[in-house]
Protein chains: 2
Amino acid sequence: MKPKHFQVTSACTAVNHILARVGDKWTVLVINYLGNGSMRFNELRRTINGISQKMLTSTLRGLERDGFVTRTVYPTIPPRVDYALTDLGRELLVPVRGLADFAIQNEQRIANARARFDNATGVADIAASFAEAAE
Amino acid sequence: MKPKHFQVTSACTAVNHILARVGDKWTVLVINYLGNGSMRFNELRRTINGISQKMLTSTLRGLERDGFVTRTVYPTIPPRVDYALTDLGRELLVPVRGLADFAIQNEQRIANARARFDNATGVADIAASFAEAAE
DNA sequence: CTGTATCCAGCCTGATACTG
DNA sequence: CAGTATCAGGCTGGATACAG
């Protein structure tokens with residue numbers, strides 16, 4: 001579990017790109033909800049709660065561009081557009097959920113670490129008169 | 001392959017936070033290199049190639065705050081600071097590498113999808129905006 | 001309903017300069 | 001060596017208005 005780091009070549013670009021995509025504010029939520037089946041635009045909009053039209057549109061565009069979701073337009077009136085995960089999208093769901101599981105399982109440890117850190121740093125002046133050594 | 005989406009509660013916050021941390025420009029690189037053993041500040045700086053002092057500092061601070069890395073100062077002259085992964089940090093490495101593997105393995109599929117998409121949409125528009133931006 | 005077009009505030013990032 | 005401070009540019013994300 002030690003010798004090789006990743007190749008610092010095109011692999012890095014690929015990894016970086018995925019990370020950037022997955023790390024943006026809404027992508028994972030969209031992928032996740034779409035994981036339960038196809039959805040219409042406004043359906044997603046309502047479900048995700050808090051996302052703006054613009055962000056939903058651009059998130060979906062990006063996902064579509066990279067081949068993670070499909071966009072199906074029904075030329076009815078009013079128009080109807082369905083979004084669904086591709087196979088690639090469903091595959092992406094796996095490692096993403098791995099990360100999500102990690103986040104959920106370690107939520108407390110991270111919160112603790114953060115509290116400890118914040119406590120140890122800036123508050124030093126105020127907390128000076130109290131024993132902070134615990135731990 | 002469909003059962004539950006994640007709870008839309010604090011779990012979302014936790015997931016979002018990890019994703020944001022992992023999705024930023026440098027975190028994963030730092031975590032990854034540190035996965036091979038502890039490193040000094042400038043050692044990381046040289047290795048990561050392209051990162052600015054400021055970004056390395058703030059990335060490390062964030063990682064330290066969340067309990068993913070430790071920071072050890074040796075009060076020598078000149079000063080020496082070692083950074084190393086904590087257990088939590090090493091655990092994070094696992095799902096992150098899962099995502100990285102996905103990225104590497106599907107690099108081509110994504111590139112293809114993107115080419116297809118760009119081709120099918122407005123290449124003219126894109127070309128136009130390039131012409132504009134070019135000067 | 002499903003988008004596109006604008007405008008704008010805020011954050012992220014990098015370059016540069018300075019400190020202990 | 002290992003940072004901190006400051007400043008400017010770009011990009012992100014949100015609100016709003018308009019269109020097919």
Side-chain angles (χ1 to χ4, degrees), chain A residues 16-17 19-30 33-34 38-65 69-84 117 120-122 124, chain B residues 12 16-17 19-30 33-34 38-65 69-84 117 120-122 124-126 128-130 132-135:
Chain A
N16 243 18
H17 176 258
L19 255 9
R21 169 144 303 327
V22 147
D24 82 355
K25 203 170 173 183
W26 304 106
T27 293
V28 168
L29 280 176
V30 172
Y33 284 124
L34 251 26
S38 75
M39 281 180 143
R40 300 182 54 175
F41 186 85
N42 268 7
E43 196 179 353
L44 272 170
R45 188 149 136 68
R46 279 192 308 274
T47 306
I48 295 187
N49 199 292
I51 193 171
S52 67
Q53 216 169 38
K54 176 187 173 181
M55 279 304 100
L56 181 53
T57 298
S58 68
T59 299
L60 287 167
R61 279 290 175 290
L63 253 19
E64 188 194 356
R65 186 167 111 104
V69 313
T70 57
R71 178 173 180 271
T72 311
V73 181
Y74 299 93
T76 57
I77 294 181
R80 171 199 176 114
V81 182
D82 276 13
Y83 291 92
F117 182 91
T121 7
Chain B
C12 265
N16 242 18
H17 175 257
L19 256 8
R21 166 137 311 330
V22 148
D24 83 356
K25 203 171 176 183
W26 304 106
T27 293
V28 169
L29 281 175
V30 172
Y33 284 123
L34 250 27
S38 75
M39 282 180 143
R40 301 181 56 174
F41 186 86
N42 269 5
E43 195 178 353
L44 271 170
R45 188 149 135 69
R46 280 191 307 273
T47 306
I48 295 188
N49 200 290
I51 193 171
S52 67
Q53 216 170 37
K54 177 186 172 182
M55 280 303 100
L56 180 53
T57 298
S58 68
T59 299
L60 287 168
R61 280 289 175 290
L63 253 19
E64 187 194 356
R65 185 167 111 105
V69 314
T70 56
R71 178 173 180 272
T72 311
V73 182
Y74 299 93
T76 58
I77 294 183
R80 170 199 177 113
V81 181
D82 276 13
Y83 291 92
F117 182 91
T121 24
D125 297 333
I126 295 174
S129 55
F130 263 115
E132 268 182 88
E135 196 25 53

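Protein chains get the first letters and strands the later ones, always in sequence-line order, with residue 1 at the start of each. When reading the values below, keep in mind they use all heavy atoms of this one structure, side chains included, and skip hydrogens, waters and symmetry mates.
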Given side-chain contact (heavy atoms from CB on, under 4.5 Å), test A/Leu19 with B/Thr27 step by step and report yes or no.
-> CA-CA 10 Å; A/Leu19 255 9; B/Thr27 293; over 6 Å; no

Over how many whole Å does the gap from B/Arg45 atom CZ to D/dT4 atom C1' extend?
-> 14 Å

Partner set under side chain to side chain donor-acceptor pair (under 3.5 Å) for B/Arg71, not counting sequence neighbours = B/Tyr83

Side chain of B/Lys54, base of C/dT13: donor and acceptor closer than 3.5 Å?
-> yes

5' priority, DNA chain C, between A/Leu60 and B/Gly50 [closest heavy atom] = A/Leu60

How long is the span from the CG atom in B/Leu60 to the CE atom in B/Met55, to the nearest 0.5 Å?
-> 11.0 Å

B/Met39 CE - D/dA2 C1' separation (whole Å) = 16 Å

Distance check: side-chain N/O of B/Tyr83 vs OP1/OP2 of D/dC1, anything under 4.0 Å?
-> no

Got B/Leu34 and B/Leu44 here, is their nearest side-chain heavy-atom distance under 4.5 Å?
-> yes

Value in whole Å for how far the P atom of C/dG14 lies from CD1 of B/Ile48 = 11 Å

Hey, which of these two, A/Trp26 or A/Gln53, hits DNA chain D nearer its 5' end, going by closest nucleotide?
-> A/Trp26

What nucleotide among D/dG14, D/dA17, C/dC1 has an atom nearest to a side-chain atom of A/Pro79?
-> C/dC1

Min side-chain heavy-atom separation B/Val30-B/Leu56 under 4.5 Å = yes

Once you round it to whole Å, what is the distance between P of D/dT12 and CZ of A/Arg21?
-> 11 Å

Looking only at side-chain N and O atoms, does B/Arg61 come under 4.0 Å of OP1 or OP2 in D/dA2?
-> no

For B/Arg71, which contact category applies under a 4.0 Å heavy-atom criterion: base, sugar-phosphate, or nothing?
-> sugar-phosphate

Whole Å only: how far is the CG atom of B/Leu56 from the C1' atom of C/dA15?
-> 16 Å

May I ask you to test the A/Arg21-A/Leu63 pair for a side-chain heavy-atom distance under 4.5 Å?
-> yes

Rounded distance (Å) that lies between atom P of D/dA2 and atom CG of B/Leu44 = 10 Å

Give the rounded distance in Å between these two atoms: CG of B/Asp24 and P of D/dT12.
-> 14 Å

Nearest of C/dT2, C/dG14, C/dA17 to any side-chain atom of A/Asn42?
-> C/dT2

Can you check the B/Asp82 CG to D/dG3 P distance for me, whole Å?
-> 10 Å

Report the residues that fulfil side-chain contact (heavy atoms from CB on, under 4.5 Å) with B/Asp82, sequence neighbours left out, ordered by chain and then residue number.
-> B/Ser38, B/Arg40, B/Thr72, B/Tyr74, B/Arg80

Intra- and inter-strand pairing of DNA chain D, written as dot-bracket with Watson-Crick and G-U pairs under 3.5 Å and | for the latter, reads ||||||||||||||||||||

B/Arg40 side-chain N/O to D/dA2 phosphate OP1/OP2 under 4.0 Å | yes

Minimum-distance nucleotide (side-chain atoms of A/Phe41 versus C/dT2, C/dT13, C/dC1) = C/dT2

Step by step, would you call B/Ile51 with B/Leu29 a side-chain contact (heavy atoms from CB on, under 4.5 Å)?
-> CA-CA 10 Å; B/Ile51 193 171; B/Leu29 281 175; over 6 Å; no

Out of D/dG14, D/dA2, C/dT13, whichever nucleotide has its closest atom nearest the side chain of B/Lys25 = C/dT13

Between C/dG14, D/dG13, D/dA2, which one does the side chain of A/Met55 approach most closely?
-> D/dG13

